[in-house]
Asks: 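Below is the structure I would like to discuss, written out as structure tokens.
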Amino acid sequence: MYNSVPLLAAAAAWASLASSHVILENPKPFRFVQYGPTNPISPSGSDFPCKIPQGATLQPQGAPTVMVVGQQQSASFLGQAVHGGGSCQFSLSGPVSNGSWESYPLKDARWKVIHSIEGGCPARHQKGNLEGLNQDKYPFTILEGIEPGDYIFSWTWLPRIGGQPEYYQNCAPVTVQARPKMSLGRRARLSKRAEFPELFMANMGEEVAGGCTTEEALGEQLAIAFPNPGPSVDHPEGTQNLFRQQCDGNPRAGQGQAQGPGSSDSAPTSPAAPQTSQTAMPQDGSSASSTPPTAPTTSAASSSPSTGPTLAPTSSADPGQPDGPGACLVAPGFKCRPGAGVGLDISPA
């Protein structure tokens with residue numbers, strides 16, 4: 001007789017985990033090869049990218065999510081510990097030849113940003129953590145100029161509230177399909193001139209992220225405005241309370257925007273020394289906005305500091321204490337040290 005008890009126990013453990021910490025729900029992520037998918041990337045960056053430890057490989061869970069160029073997609077998340085929201089980026093690396101996920105050189109991957117969300121991600125208008133399920137979804141579009149093929153989709157998140165600066169990342173397999181009725185010639189022309197920003201990197205140590213951190217923004221409990229968010233940007237909570245982040249730990253940042261996924265990449269460069277001066281963006285009273293998903297331009301976002309006043313914290317939560325319901329709920333068989341922010345010091349009991 002088939003014994004369903006182990007499967008039920010595993011499902012219950014996963015449900016408990018997902019109810020507390022934030023993970024990517026859609027597109028469906030790769031199988032997590034070690035415990036801690038909801039934890040941040042290691043402060044040393046040893047498991048960047050995709051929270052995959054050295055020597056491990058990507059393991060899909062079923063077929064990749066199909067995304068058609070120019071058609072609206074939707075990203076969603078599971079988990080209650082949203083840390084008052086923050087800022088997120090969606091990016092792609094690839095193409096992956098013939099779906100060979102396991103052999104993809106992940107540690108050498110380049111990530112091209114296709115959409116940035118400044119504030120209100122992975123949940124909108126939250127002072128701390130969620131009481132129930134996360135109902136928020138985030139639309140985005142695969143921009144023109146990305147060649148059809150298999151890619152690694154990345155969601156990265158810089159929380160607004162926490163015990164220390166953190167960098168979260170989950171990855172998922174996706175298959176990009178061409179827009180219907182687009183000629184091969186036009187597709188080739190768009191791909192040749194398409195340029196996308198490099199992925200923003202921080203809070204992963206000197207070797208991986210050049211020592212760049214979001215510590216100042218975290219101290220102010222403000223979501224960051226990325227140094228170079230790209231042409232597709234969303235502001236779910238407006239632009240009034242964003243912290244203008246100036247350093248970027250990506251070693252390719254500041255070298256000009258690179259060609260999009262599917263086109264030739266330049267050789268890696270050594271990490272640039274991060275800037276330490278960061279300022280709050282002025283209150284401009286503008287409402288939430290989103291740049292239309294059109295072909296990217298080559299102009300880089302300005303990183304000049306704002307002259308406006310430093311904004312006061314927008315939440316009364318204490319970053320050094322558990323910041324809401326489910327802040328330290330984990331799956332059976334694991335433990336979490338409370339009082340240091342969700343995702344820290346989770347280990348087998």
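If you read the sequence from its start, that first residue is 1, and numbering goes on from there.
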Asks: Between OG1 of Thr214 and CZ of Phe243, what distance do you get to the nearest 0.5 Å?
Replies: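 The distance works out to 9.5 Å.
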
Asks: Please report the closest heavy-atom contact between Met67 and Pro27, naming both atoms and the distance.
Replies: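 Closest heavy-atom pair between Met67 and Pro27: CE-CG, 3.9 Å.
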
Asks: In chain order, what residues pass the side chain to side chain donor-acceptor pair (under 3.5 Å) check against Ser116, with sequence neighbours excluded?
Replies: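 So Ser116 forms a side chain to side chain donor-acceptor pair (under 3.5 Å) with Gln89.
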
Asks: Is there a donor-acceptor contact under 3.5 Å from the side chain of Asp47 to the main chain of Ser42?
Replies: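 Yes: the side chain of Asp47 pairs with the backbone of Ser42.
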
Asks: Locate the shortest heavy-atom distance separating Gly70 from Arg179; write the atom from each residue and the value.
Replies: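 Looking at all heavy atoms of both residues, the shortest contact is CA-NH2, 3.5 Å.
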
Asks: To the nearest 0.5 Å, what is the distance between CZ on Arg244 and CD on Glu118?
Replies: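 Going from CZ on Arg244 over to CD on Glu118, the span is 9.5 Å.
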
Asks: For the residue pair Glu206 and Cys212, establish whether any side-chain heavy-atom pair is separated by less than 4.5 Å.
Replies: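 Result no, sub-4.5 Å side-chain heavy-atom pair not found.
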
Asks: Please assess Glu166 against Tyr168 for the test side-chain hydrogen bond (donor to acceptor under 3.5 Å, both in side chains), listing each intermediate value before the final yes or no.
Replies: CA-CA 7 Å; Glu166 295 174 335; Tyr168 289 78; 2.8 Å; yes

Asks: With sequence neighbours left out, what residues match Asp150 under salt bridge (charged side-chain N to carboxylate O under 4.0 Å, His left out)?
Replies: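 In terms of salt bridge (charged side-chain N to carboxylate O under 4.0 Å, His left out), with neighbours along the sequence ignored, Asp150 is linked to no residue.
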
Asks: Without swapping roles, check the side chain of Asn26 against the backbone of Ala75 for a donor-acceptor pair under 3.5 Å.
Replies: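 Absent.
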
Asks: Sequence neighbours excluded, which residues qualify as side chain to side chain donor-acceptor pair (under 3.5 Å) partners of Ser76?
Replies: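 Partners of Ser76 by the side chain to side chain donor-acceptor pair (under 3.5 Å) criterion, ordered by chain and then number, come out as Glu25.
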
Asks: Is there a side-chain contact (heavy atoms from CB on, under 4.5 Å) between Trp101 and Thr57? Walk through the geometry before answering.
Replies: CA-CA 8 Å; Trp101 310 103; Thr57 59; over 6 Å; no

Asks: Taking all atoms of both residues into account, what is the closest heavy-atom pair of Leu199 and Asn250, and its distance?
Replies: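 Residues Leu199 and Asn250, closest heavy atoms: O-ND2, 2.7 Å.
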
Asks: Is it the case that the side chain of Glu215 and the backbone of Thr213 share a donor-acceptor pair, with hydrogens and angles ignored and the cut-off at 3.5 Å?
Replies: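 No, Glu215 side chain to Thr213 backbone: no donor-acceptor pair under 3.5 Å.
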
Asks: Flag the pair Ser232 / Ile114 as yes when at least one side-chain heavy-atom distance between them is below 4.5 Å, and no otherwise.
Replies: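 Ser232 vs Ile114: side chains apart.
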
Asks: Counting the benzene-type ring for Trp, do Trp155 and Phe77 have ring centres under 6.0 Å apart?
Replies: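 Close enough - the centres of the two rings lie under 6.0 Å apart.
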
Asks: Take Phe200 and Val113 through the test side-chain contact (heavy atoms from CB on, under 4.5 Å) and record every step on the way to the result.
Replies: CA-CA 9 Å; Phe200 174 78; Val113 175; over 6 Å; no

Asks: Is there any disulfide (SG to SG under 2.5 Å) pair reaching into residues 46-113, and which pairs are they, with sequence neighbours excluded?
Replies: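 As it turns out, the disulfide (SG to SG under 2.5 Å) pairs with a partner in residues 46-113, which skip direct neighbours, are Cys50-Cys171, Cys88-Cys121.
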
Asks: Determine which pairs satisfy disulfide (SG to SG under 2.5 Å) with at least one residue from residues 213-242, sequence neighbours left out, and list them in order.
Replies: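 Those involving residues 213-242 do not exist here.
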
Asks: Are Val233 and Phe226 packed together at the side-chain level, in the sense that at least one heavy-atom pair is separated by less than 4.5 angstrom?
Replies: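 With C-beta onward as the side chain, the pair stays apart.
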
Asks: Tell me, do Met204 and Phe48 make a side-chain contact under 4.5 Å, heavy atoms counted?
Replies: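 Yes. Closest side-chain heavy atoms under 4.5 Å.
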
Asks: Determine whether the side chains of Tyr104 and Ser97 contain a donor N or O and an acceptor N or O closer than 3.5 Å.
Replies: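 Short answer, no.
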
Asks: For Ser103, which residues count as a side-chain contact (heavy atoms from CB on, under 4.5 Å) partner, sequence neighbours excluded?
Replies: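 Checked Ser103 against side-chain contact (heavy atoms from CB on, under 4.5 Å); matches are Ser100.
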
Asks: Among residues at least two apart in sequence or on other chains, which ones pass side chain to side chain donor-acceptor pair (under 3.5 Å) with Tyr138?
Replies: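 Scan of Tyr138 (side chain to side chain donor-acceptor pair (under 3.5 Å), adjacent residues dropped) gives none.
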
Asks: After noting the C-alpha distance and the side-chain angles of Gln169 and Ser154, does the key distance pass the side-chain hydrogen bond (donor to acceptor under 3.5 Å, both in side chains) rule?
Replies: CA-CA 7 Å; Gln169 184 181 37; Ser154 162; 2.8 Å; yes

Asks: Give a yes or no on whether the backbone of Ser44 and the side-chain of Glu207 come within a donor-acceptor separation of less than 3.5 Å.
Replies: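 A pair under 3.5 Å: no.
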
Asks: Between Ile152 and Val174, is there a side-chain heavy-atom distance shorter than 4.5 Å?
Replies: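 With C-beta onward as the side chain, the pair stays apart.
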
Asks: Is there side-chain contact between Trp157 and Pro122, with at least one heavy-atom pair below 4.5 Å?
Replies: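 SC-SC contact between Trp157 and Pro122 confirmed.
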
Asks: Counting distance only, does the side-chain N/O of Asp248 pair as donor-acceptor with the main-chain N or O of Met201 below 3.5 Å?
Replies: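 Yes: the side chain of Asp248 pairs with the backbone of Met201.
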
Asks: Identify the heavy atoms of Leu218 and Arg160 that sit nearest to each other, and give their distance.
Replies: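 Minimum heavy-atom separation between Leu218 and Arg160: CD1-O, 3.4 Å.
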
Asks: Please enumerate all residues that pass ring pair (Phe, Tyr, Trp, His ring centres under 6.0 Å) together with Tyr167, with sequence neighbours excluded.
Replies: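 Once residues adjacent in sequence are excluded, Tyr167 has no partner under the ring pair (Phe, Tyr, Trp, His ring centres under 6.0 Å) criterion.
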
Asks: What's the verdict on side-chain contact (heavy atoms from CB on, under 4.5 Å) for Asn170 and Thr156, showing C-alpha distance, side-chain angles and the deciding distance?
Replies: CA-CA 7 Å; Asn170 284 176; Thr156 49; over 6 Å; no

Asks: Specify the closest pair of heavy atoms between Tyr151 and Pro95, including all atoms of both residues, with the distance to one decimal.
Replies: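 Where Tyr151 meets Pro95 most closely, the heavy atoms are CE2-N, 3.6 Å.
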
Asks: In plain terms, say whether Lys112 and Glu198 are close enough for a salt bridge, that is, a side-chain N and a carboxylate O under 4.0 Å apart.
Replies: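 Counted as a salt bridge, because a side-chain N and a carboxylate O are separated by less than 4.0 Å.
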
Asks: Locate the shortest heavy-atom distance separating Asn203 from Pro165; write the atom from each residue and the value.
Replies: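 Of all heavy-atom pairs spanning Asn203 and Pro165, the closest is OD1-CB, 3.2 Å.
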
Asks: List in chain and number order the residues that pass side chain to side chain donor-acceptor pair (under 3.5 Å) with Gln73, two or more places apart in sequence or in another chain; answer none if no residue qualifies.
Replies: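 Partners of Gln73 under the side chain to side chain donor-acceptor pair (under 3.5 Å) test: none.
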
Asks: Below 6.0 angstrom between ring centroids: does that apply to Phe153 and Phe140?
Replies: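 Between Phe153 and Phe140, the centre distance is under 6.0 Å.
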
Asks: Between the side chains of Gln71 and Thr141, does any donor sit under 3.5 Å from an acceptor?
Replies: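 Side-chain D/A pair, Gln71 to Thr141: absent.
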
Asks: I'd like to check the side-chain contact (heavy atoms from CB on, under 4.5 Å) partners of Pro43; sequence neighbours left out, ordered by chain and number.
Replies: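 With sequence neighbours excluded, Pro43 shows a side-chain contact (heavy atoms from CB on, under 4.5 Å) to Gln164, given in chain and number order.
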
Asks: Does any part of the side chain of Phe30, heavy atoms only, come nearer than 4.5 Å to the side chain of Leu58, both counted from C-beta?
Replies: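 In contact.
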
Asks: Could you check if a side-chain atom of Pro148 sits within less than 4.5 angstrom of a side-chain atom of Gln177, using non-hydrogen atoms only?
Replies: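 Pro148 does not reach Gln177 side chain to side chain.
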
